[in-house]
Number of protein chains: 2
Amino acid sequence: MTVRVMIVDDQALVRAGFRMVLDSQPDLAVVAEAIDGADALRVLDRVAVDVVVMDLRMPTMDGVEATRRICARRDDGRPRVLALTTFDTEADAFAALRAGASGFLLKNVPPEELMAAIRVVAQGDSVVAPSITRRLLDRFAGQLGPAPAADPRLAQLTEREREVLLLVAQGLSNAEIAARVHVAEATVKTHVGRILAKLQLRDRVQAVVLAYESGLITPGG
Amino acid sequence: MTVRVMIVDDQALVRAGFRMVLDSQPDLAVVAEAIDGADALRVLDRVAVDVVVMDLRMPTMDGVEATRRICARRDDGRPRVLALTTFDTEADAFAALRAGASGFLLKNVPPEELMAAIRVVAQGDSVVAPSITRRLLDRFAGQLGPAPAADPRLAQLTEREREVLLLVAQGLSNAEIAARVHVAEATVKTHVGRILAKLQLRDRVQAVVLAYESGLITPGG
DNA sequence: GACCCCCGCGCCCCGGCGGGGGAGAGGTGG
DNA sequence: CCACCTCTCCCCCGCCGGGGCGCGGGGGTC
């Protein structure tokens, strides 16, 4: 079964190049082209397309907006959008994926990868450029799966240590904490040291993260 | 520069197969093997490895736990973990990525893709199997883009600076951030310096607090 | 062309912080 | 009584992080 592809790009040269590459494949067929977002929407009213290869940077209606509209009005899952851009920026990629794109690649990918991506997207799966995948994971890996429940780790701390941790987690230095709790800075240092050791953390920065993640502190509370 | 690979899998046959495939490449070198998670950790104490190819389903210590420990104790971004499994289930994949894996593939990928993935991961980027990428996007696409109701203070930051701030707020050191984003530590320091200056903060600890309080990061999700 | 911003990278300095070791006072419970 | 824990405080040391300064390159704008 052949995949019907539409190419959306304002540069005729790019369109021609993509068409060349894609039409060389027996299972891919470029059935439409468009020069910007508005044009793409008009063409999609008349032509059945499985995958839209969409440049993000375009005049008049940019690729993100076009992607949003295409995804908004599709009813049977098609067409799916594979977003392309020249620039490896988080903003472009996230905007496109948020708008509903099923894939995101940089324009400098080798032809085979582009073709593979089109097949994957046509199948209903997704492809994201490695540099963007990394950023995705950086941001969301912590939210995957079930949260590891309320930390039993905090129970290991003594009352005093929890108190100190709370202050650490508010951004105070050892000296400031010492002033607040009315003890010498040396004392605070030993407390902080014990906290890090017990919780198996490296520095106070990680302690702050744990304080938030464990619910010891809540943003705005 | 050749990539030093370690193979972790309880089946000797699988290890041998991977070794064959990978060693056929001039830029890849299998420098270690392990039969389970515990074994892998021991071996990593002695051998320098860039990428760990980790089977998820193993006896004694499973791949997820092993991945977690490897990622917990690395300090310069290495070794990175590329998780492999036979079964295309969300649970396996998400568990591995949550544990810190830089990549996730199914064992039935063609050899070229496995090799390409290892190179990508060694570089510091990430690869995720298309079926899982789709699930990732289904789940998180809505949360992409500028954080809703973002603190106006964060608007002063450039994109790069926000990216660095995100990593700072996850407890990473400057060196770790450098490895992650692929720049020299000196560069990270300048970025962090600018972040602190723009946001009028004293140190990275306060930056973490702001990241949580401003909604740039949310505990657990 | 001139200017500015962003990025990447290097150098120096130094102060805070983390790690180790030691040590005394109080309170607990075997 | 002694062991154990907690809180308190001290010294030394090494390192990372933060601040200052400079340099080059790329991309915009005027």
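Remember, it's a predicted structure, so these values are computed and weren't measured experimentally. Chain naming here is simple, since letters A, B, ... match the order of the sequence lines and numbering starts at 1 in each.
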Quiz item: According to a strict under-4.0 Å criterion, is B/R202 in side-chain N/O contact with OP1 or OP2 of D/dG18?
Solution: no
Self-check item: Salt-bridge contact A/R15-A/D9 (side-chain N to carboxylate O under 4.0 Å)
Solution: no
Exercise. Look at the side chain of A/R162 and the base of D/dT6, then say whether one donor and one acceptor between them are separated by less than 3.5 Å.
Key: no
Exercise. Please report, rounded to the nearest Å, how far the C1' atom of D/dC15 is from the CG atom of A/L196.
Key: 15 Å
Quiz item: Would B/R160 and B/E163 pass as an ion pair if we require N to O under 4.0 Å?
Solution: yes
Quiz item: What nucleotide among D/dG18, C/dC9, D/dC9 has an atom nearest to a side-chain atom of B/T190?
Solution: C/dC9
Quiz item: Whole-Å distance between C/dC5 P and B/K198 NZ?
Solution: 10 Å
Quiz item: Just how far, in rounded Å, is C1' of D/dG17 from CZ of A/R204?
Solution: 12 Å
Practice problem: Using a cut-off of strictly less than 4.0 Å between a heavy atom of the residue and any atom of DNA chain D, enumerate the qualifying residues of residues 170-189 of chain A by number. | Solution: A/V183, A/A184, A/A186, A/T187
Quiz item: What's the CZ-P distance between A/F87 and C/dC7, to the nearest Å?
Solution: 15 Å
Quiz item: Any Lys/Arg nitrogen of B/D138 or B/R135 sitting under 4.0 Å from an Asp/Glu carboxylate oxygen of the other?
Solution: no
Quiz item: Do the charged groups of B/R180 and B/E176 touch, with an N to O distance under 4.0 Å?
Solution: no
Self-check item: Side-chain donor/acceptor of A/R204 to backbone N/O of A/L172, under 3.5 Å
Solution: yes
Quiz item: Mapping B/H191 and B/D203 onto DNA chain C by nearest heavy atom, which one lands closer to the 5' end?
Solution: B/H191
Quiz item: Nearest-Å distance, CD (B/E159) to P (C/dC7)?
Solution: 8 Å
Self-check item: A/Q206 CD - D/dC16 C1' separation (whole Å)
Solution: 13 Å
Quiz prompt | Whole angstrom value for the distance that separates C1' of C/dC7 from CD of B/E163 | solution = 12 Å
Quiz item: Should A/R194 be listed as having a side-chain N or O under 4.0 Å from OP1 or OP2 of D/dT6?
Solution: no
Quiz prompt | B/K198 with B/E161: basic N within carboxylate O range, under 4.0 Å | solution = yes
